[in-house]
Protein chains: 2
Amino acid sequence: MLHKQKRKTRRERLIEVGLDLFSRHSYDEVAIDDIAAAANISKGLLYYYFPTKHDFYLAVLRHSTSQLLELTEPDTSLEPLERLRVGLLAYFTFAEMHARTYVALLRGGVGVDPEVAAILNHVRQTYVERVLQGLPESERQLPALRLAITGWVGFVEALSLAWLEEHQLSKEQLTELAIRTLLATITSLHEQGSSSR
Amino acid sequence: MLHKQKRKTRRERLIEVGLDLFSRHSYDEVAIDDIAAAANISKGLLYYYFPTKHDFYLAVLRHSTSQLLELTEPDTSLEPLERLRVGLLAYFTFAEMHARTYVALLRGGVGVDPEVAAILNHVRQTYVERVLQGLPESERQLPALRLAITGWVGFVEALSLAWLEEHQLSKEQLTELAIRTLLATITSLHEQGSSSR
DNA sequence: GGTCAAATTTGAACTATATTCAATATTGGG
DNA sequence: CCCAATATTGAATATAGTTCAAATTTGACC
C-alpha cells in the first residue's frame, strides 16, 4: 500500500472541487450531489464541513478572492508608481491564469445576495485603500477622491474582463492604459469645481 | 403614443411585482409562493405566463434593462459631447430613482448564469456602441479603443454604485468626472506605444 | 497491541419548493 | 345565449437541499 501524503485537509479539497465546479457552472446548476460526486464523498459529509450549500459557495468565493488579494499584495519596497505597475501586472496575470474562475468570481454572485456582495465589495475596497496609500499626502485631500478611485477599480475590472475575451494588448500595455487612466482621473479631480459650477 | 394603453396586462403586472421583490431580495430568497401572494394569484398561474422561475427572473431583468436603455437613449440632435453629457445625466438619474433595482440589476445575476450575463453584457455593449458613435471617424481607428471604452463603462457603473451610497457630488459633477475620464482615457490611447519602454 | 472517546463519514429519511396538470372558471365574438 | 379560446386554480409530483442517527475511522493513552 502506498501512502499518499494528504497534506490538504478535507475542507480544503472540497473548496478546490467547488472552485472547479463553480467556475464552470452557475450556482444553481451545481447540485450538492455533483459536489459530493466530484469529491468522492457522501452528500451528508458536505454538511459536516459547511452548514449549507450557500455557505459552501461563500467559502469558495472567499478562498479565491483572498488568493487574488494575496497575489497582488503591494510591494512597499517599491516607489508608488512602480508598486502600482507591479500590482496591476499581477492582477492581470491572475485574471489570465484563472480566467474562468476570475470571470465567475466577478460576474458571479447569487442574486442580490448581500453576503456575496459584501465579499466582492471588500476586495474592491481593499484595492481602493491600496491605491490611496500610494498617493502623496497632498493629493489625499481631494474631494471625492475615494469615489473616483472606486470608479477606476471598476474600470480595471471591466478592462480585464474584456481583455480576457480578446487579447489585443499585452499585459504591459493594459497596465499602462490603466495607470494613465488613473492619473488622468485624479488630475481631472483637481480641475473639477474650478471650471464649471 | 396618441391613444393610451389599456389596463396593464397580467404579464406586465407580474413583472412589476417581480421588480419589487427582486430589488429587495435575492433570487433564492424570493419563492414562487411569494410572487404569487404578492400578485394575488395562484402559483400555477405564474407558470401560465412564464415557463420557469428563472425565465421569470430574466423577463424582469430584461424589463428593467430595456427601461434603462430607453431612458438614456442618445439624442442625436445634440453634438456628441453634449449628447454624452445628457446621456450620463439620465443614467445617473435612473440610478438614483431606481436605486435598489439598479443595484440589484448590476450586482445581481444568478451565479455565472450565462443568460443573465448575456443581458448585462448587451447593456454594456450598447453603451460602448453609443460612445463609439459619438467619436469622430479619425479616432475610431485607435487600437484597443473598444477595449478602453468597455473599461470606461465599468468605471461609470462602479462610480454610480459608490455614489448611491454617499451622494458627495452632484449629478453634474459626477457627469463631468465621467466625461473627463473618458477623454483622458482616449487621449492616453494615442500616446500608448509611442512612449512605453 | 488494546481500549475508548472523539472525529469523521455514511445513507436513508425529511423538508422545502419549483414544476406539472387535469379540472374549473371566465371571457368575448358570432 | 352559446361555445371555443383563454385564463386560473389547487392538488399532485419531482427535484433538490438539509437533517440525523448510526457506523466507521482515527489517534491518544495505558
Side-chain angles (χ1 to χ4, degrees), chain A residues 1-22 24-62 104 108-116, chain B residues 3-22 24-62 104 108-116:
Chain A
M1 204 63 202
L2 34 103
H3 22 85
K4 22 172 98 170
Q5 309 219 359
K6 359 178 161 178
R7 54 167 63 89
K8 282 178 181 157
T9 97
R10 168 124 279 161
R11 198 188 143 90
E12 285 168 335
R13 276 180 291 158
L14 285 176
I15 286 184
E16 275 174 18
V17 166
L19 216 43
D20 176 53
L21 292 176
F22 286 128
R24 291 185 290 120
H25 308 280
S26 73
Y27 180 80
D28 279 333
E29 281 169 358
V30 176
I32 295 282
D33 284 309
D34 297 334
I35 304 168
N40 278 318
I41 59 166
S42 73
K43 224 153 87 131
L45 189 55
L46 204 66
Y47 286 88
Y48 180 75
Y49 290 98
F50 306 92
T52 69
K53 177 186 177 184
H54 186 246
D55 284 294
F56 175 63
Y57 179 81
L58 293 180
V60 171
L61 188 60
R62 281 198 203 92
V110 184
V112 236
D113 187 331
E115 288 168 298
V116 170
Chain B
H3 77 292
K4 258 308 190 195
Q5 268 298 59
K6 45 198 158 182
R7 186 153 152 239
K8 284 177 179 147
T9 110
R10 170 123 279 162
R11 197 189 145 91
E12 285 168 337
R13 277 179 290 158
L14 286 176
I15 285 183
E16 275 174 18
V17 167
L19 215 42
D20 176 52
L21 292 176
F22 286 128
R24 291 185 292 118
H25 307 281
S26 73
Y27 179 81
D28 279 332
E29 280 168 0
V30 176
I32 294 282
D33 284 309
D34 298 333
I35 304 168
N40 279 318
I41 58 167
S42 72
K43 111 184 159 151
L45 189 55
L46 204 66
Y47 287 89
Y48 181 74
Y49 291 98
F50 305 93
T52 68
K53 177 186 176 183
H54 186 247
D55 283 295
F56 175 63
Y57 179 82
L58 293 180
V60 171
L61 186 62
R62 280 197 204 93
V110 184
V112 236
D113 187 330
E115 288 169 300
V116 171

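Protein chains get the first letters and strands the later ones, always in sequence-line order, with residue 1 at the start of each.
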- Note on the structure: On a heavy-atom basis, the closest approach of A:S42 and A:A36 is C-CB, 3.9 Å
- Results of salt bridge (Lys or Arg N to Asp or Glu O under 4.0 Å) for A:E16 - residues two or more places apart only: A:K8
Sort me out a list of protein N/O and nucleotides 19-21 of chain D N/O pairs below 3.5 Å, or just none if empty.
none

- Query: Rounding to a whole Å, what distance do you find between A:D55:CG and D:dT18:C1'?
  - Reply: 12 Å
- Can you tell if the side chain of A:L61 reaches within under 4.5 Å of the side chain of A:F22, non-hydrogen atoms only? no
- Note on the structure: Closest to the side chain of B:S42, out of C:dA7, D:dG17, D:dG10, is D:dG10
- Find out whether A:I41 and A:L14 are in side-chain contact, i.e. whether some heavy atom of one side chain is under 4.5 Å from a heavy atom of the other. yes
- Using atom CZ of A:R10 as one end and atom P of C:dT10 as the other, report the distance to the nearest whole Å. 7 Å
- Under 4.0 Å between any heavy atoms, over every strand shown, what does A:Y49 touch: base, sugar-phosphate, or nothing? Just pick one. sugar-phosphate
- What is the distance, rounded to the nearest whole Å, between atom CG of A:D28 and atom C1' of C:dT19? 15 Å
- Message: Without decimals, in angstroms, what is the distance between A:F56 CZ and D:dA16 P?
- Response: 17 Å
- Validation row: A:H25, A:D34 side chains within 4.5 angstrom (heavy atoms): no
- Query: Who are the salt bridge (Lys or Arg N to Asp or Glu O under 4.0 Å) partners of B:D20, not counting sequence neighbours?
  - Reply: B:R24
- Message: Let's see if you get this right: which residues in residues 31-41 of chain A place a heavy atom under 4.0 Å from DNA chain C?
- Response: A:I41
- Note on the structure: Residues B:V17 and B:A38: closest non-hydrogen pair is CG1-CB, 3.6 Å
- Distance, rounded to the nearest Å, where B:R11 contributes CZ and D:dT6 contributes P: 16 Å
- Message: In whole Å, I'd like the distance from the CG atom of A:L14 to the P atom of C:dT8.
- Response: 12 Å
- Message: Using the salt bridge (Lys or Arg N to Asp or Glu O under 4.0 Å) criterion, which residues pair with B:K43? Sequence neighbours excluded.
- Response: B:D33
- Rounded to whole angstroms, how far apart are OH on B:Y48 and C1' on C:dA25? 13 Å
- Task: Could you tell me the separation between the NZ atom of B:K53 and the P atom of C:dT19, rounded to a whole number of Å?
- Result: 8 Å
What side-chain donor-acceptor pairs closer than 3.5 Å can you find for residues 46-53 of chain B, not counting sequence neighbours?
{"residue": "B:T52", "atom": "OG1", "partner": "B:H54", "partner atom": "N", "Å": "3.3"}
{"residue": "B:T52", "atom": "OG1", "partner": "B:D55", "partner atom": "N", "Å": "3.0"}
{"residue": "B:T52", "atom": "OG1", "partner": "B:D55", "partner atom": "OD2", "Å": "2.8"}
{"residue": "B:K53", "atom": "NZ", "partner": "B:Y27", "partner atom": "O", "Å": "3.0"}
{"residue": "B:K53", "atom": "NZ", "partner": "B:V30", "partner atom": "O", "Å": "2.7"}

